[in-house]
Undergrad: 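Have a look at this one before I ask anything.
This structure is a prediction, so every number in the text was calculated from the model and none was measured. Below, read A as the first sequence line, B as the second, and so on, with proteins coming before strands; counting in each chain starts at 1.
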There are 2 protein chains.
Amino acid sequence: MCSNSSANLTRRSIVRAAIVIIAQQGLDALTAGRLIEQASVSKGGLYHHFRTMAAVETEVLELLTQTVLQEVKSSEQPASTEAFFDLVEGQLFKCFSVDNLSIKALFGFLSASAHNKERQLIIRRFMDEIALIRLEQLKRVSPHLSHMELNAVVQAIASLQVGLVARYFLAEDLVSLRNYWACCRKTVVVMLEKCERRSRASLQQRAVGQLTNAE
Amino acid sequence: MCSNSSANLTRRSIVRAAIVIIAQQGLDALTAGRLIEQASVSKGGLYHHFRTMAAVETEVLELLTQTVLQEVKSSEQPASTEAFFDLVEGQLFKCFSVDNLSIKALFGFLSASAHNKERQLIIRRFMDEIALIRLEQLKRVSPHLSHMELNAVVQAIASLQVGLVARYFLAEDLVSLRNYWACCRKTVVVMLEKCERRSRASLQQRAVGQLTNAE
């Protein structure tokens, strides 16, 4: 029992050390030598827990996506469209925090995932799960929108966030990024309101039609 | 003269071979050994042209950004807002073409650039130049918008494109990507029309005010 929990501790410290290396120096800087040094484990210790460096990378990517997903999941259900966008904005701006190692490390996987089906699968599942949470949140505050309209908005936001995070790591200044987001938020809200009005009007028209038919 | 042009040819073939490797296998697959094999040059030949592999990577990145920039520059001035978005759309969808080695290789640089100031600078300059071209194009077809409004639209489009291209390389299916873009395009057009109407109205109001004052 004791040895088991100590083994778990070693495994976790290896994964944590890998995250630090990837976040600070990039994925290609993650070598067995650096990992042994950073995690203060022996070579035998490392290979006891992970047969290959690819296995370390996969476990790191799984952990990173789960960490971010938990954060997104743990937020309260927003009570209005405005609150929904505040929530999305808050979570986006957290990515721009200099001490956010998880997002930094996650970004390190982006380019490398273009050539690795396993990683693509993990990242896509992660994005799908976030989209699903956002969809449910938006549905409750914009109940008149169709599923297609809701999904279009959620996916537009997701694409935009990926783009803004990428630009952040290309050293785009924060003031500009905040401006770009603010403009996009305003744009999406305008579109959302337009859709809501149209949906409500068509619902009313249908109700009037049914009343007329009943008479 | 002859030897000079033959040297240039070797240099170009090294760079071209590097692009193929990065596009097909990722940036971390670019080793001296693979490059020598792919370019059919000797080790001496490679190091005669490039002192380090980092020098190869920088020249590749410079060439890739110049190639894409030339394409964007060479397009005709669109005659309407609709034509402007058609142009942007056409150039975006070109990125989704399976045989587009330039974009594939460029994407390979994304994650790695987060830890390399020189590469960040090249990519940011590239994005700034594209934004400038788009700004000029949009200004001509939406002359009533302020510089700030034009820039907001251009930067929103740029962020979105980066996000969509990233999602493409994470194996998002093309039909979905086209839908996301279509939704965003519609959204931006709605916002643009709203801005245009407001700007025109305020211009008219000012003109009326001036007439009243003159009377």
Undergrad: More than 12 foreign heavy atoms under 6.0 Å from CD of Q77(A): is that the case here?
TA: yes
Undergrad: Say you draw a straight line from CG of L110(B) to CZ of F169(A); how long is it, rounded to the nearest 0.5 Å?
TA: 10.5 Å
Undergrad: Going from NE2 on H115(A) to CG on L27(B), what distance comes out if it is rounded to the nearest 0.5 angstrom?
TA: 9.0 Å
Undergrad: How long is the span from the CE atom in M148(A) to the SG atom in C183(B), to the nearest 0.5 Å?
TA: 9.0 Å
Undergrad: What part of A105(A) is in contact with chain B, defined as an atom under 4.5 angstrom from a non-hydrogen atom: side chain, backbone, both or neither?
TA: neither
Undergrad: Using a cut-off of under 4.5 Å on heavy-atom pairs, state which of S113(B), C184(B), G108(B) scores highest against chain A.
TA: G108(B)
Undergrad: Heavy-atom cut-off 4.5 Å, strictly under: side chain, backbone, both or neither for I22(A) against chain B?
TA: backbone
Undergrad: Name the region of A29(A), side chain, backbone, both or neither, that has any atom closer than 4.5 Å to a heavy atom of chain B.
TA: neither
Undergrad: Keeping the roles fixed (side chain from Q155(A), backbone from W181(B)), state whether a donor-acceptor pair exists under 3.5 Å.
TA: no
Undergrad: Between Y180(A) and chain B, with a heavy-atom cut-off of 4.5 Å, which part of the residue counts as in contact: side chain, backbone, both or neither?
TA: side chain
Undergrad: Pick whichever of D28(A), L170(A), L177(A) has the most heavy-atom pairs under 4.5 Å with chain B.
TA: L170(A)
Undergrad: Would the number of heavy atoms belonging to other residues, nucleotides or ligands and lying under 6.0 Å from CD of Q25(A) be above 12?
TA: yes
Undergrad: Relative to chain B, which segment of M127(A) carries a heavy atom at a distance below 4.5 Å: side chain, backbone, both, or neither?
TA: side chain
Undergrad: Using a cut-off of under 4.5 Å for heavy-atom pairs, which of T187(A), N179(A), V153(A) has the most such pairs with chain B?
TA: T187(A)
Undergrad: For Y168(A), which atoms come within 4.5 Å of any heavy atom of chain B: side chain, backbone, both, or neither?
TA: neither
Undergrad: Pick whichever of A152(A), A112(A), A171(A) has the most heavy-atom pairs under 4.5 Å with chain B.
TA: A171(A)
Undergrad: Does any heavy atom of chain B fall under 4.5 Å from the side chain of E172(A), the backbone, both, or neither of them?
TA: both
Undergrad: Checking heavy atoms, do the side chain of L160(A), its backbone, both or neither come under 4.5 Å from chain B?
TA: both
Undergrad: Which of the residues A114(A), A166(A), S159(A) is involved in the greatest number of heavy-atom pairs with chain B at under 4.5 angstrom?
TA: S159(A)
Undergrad: What residue, out of K117(A), E149(A), Q24(A), has the most heavy-atom pairs lying under 4.5 Å from chain B?
TA: Q24(A)
Undergrad: Could you state the interatomic distance from CG (D173(B)) to CZ (R124(A)), rounded to the nearest 0.5 Å?
TA: 6.0 Å
Undergrad: At a heavy-atom distance under 4.5 Å, which candidate from S111(A), G163(A), A158(A) has the highest pair count against chain B?
TA: S111(A)
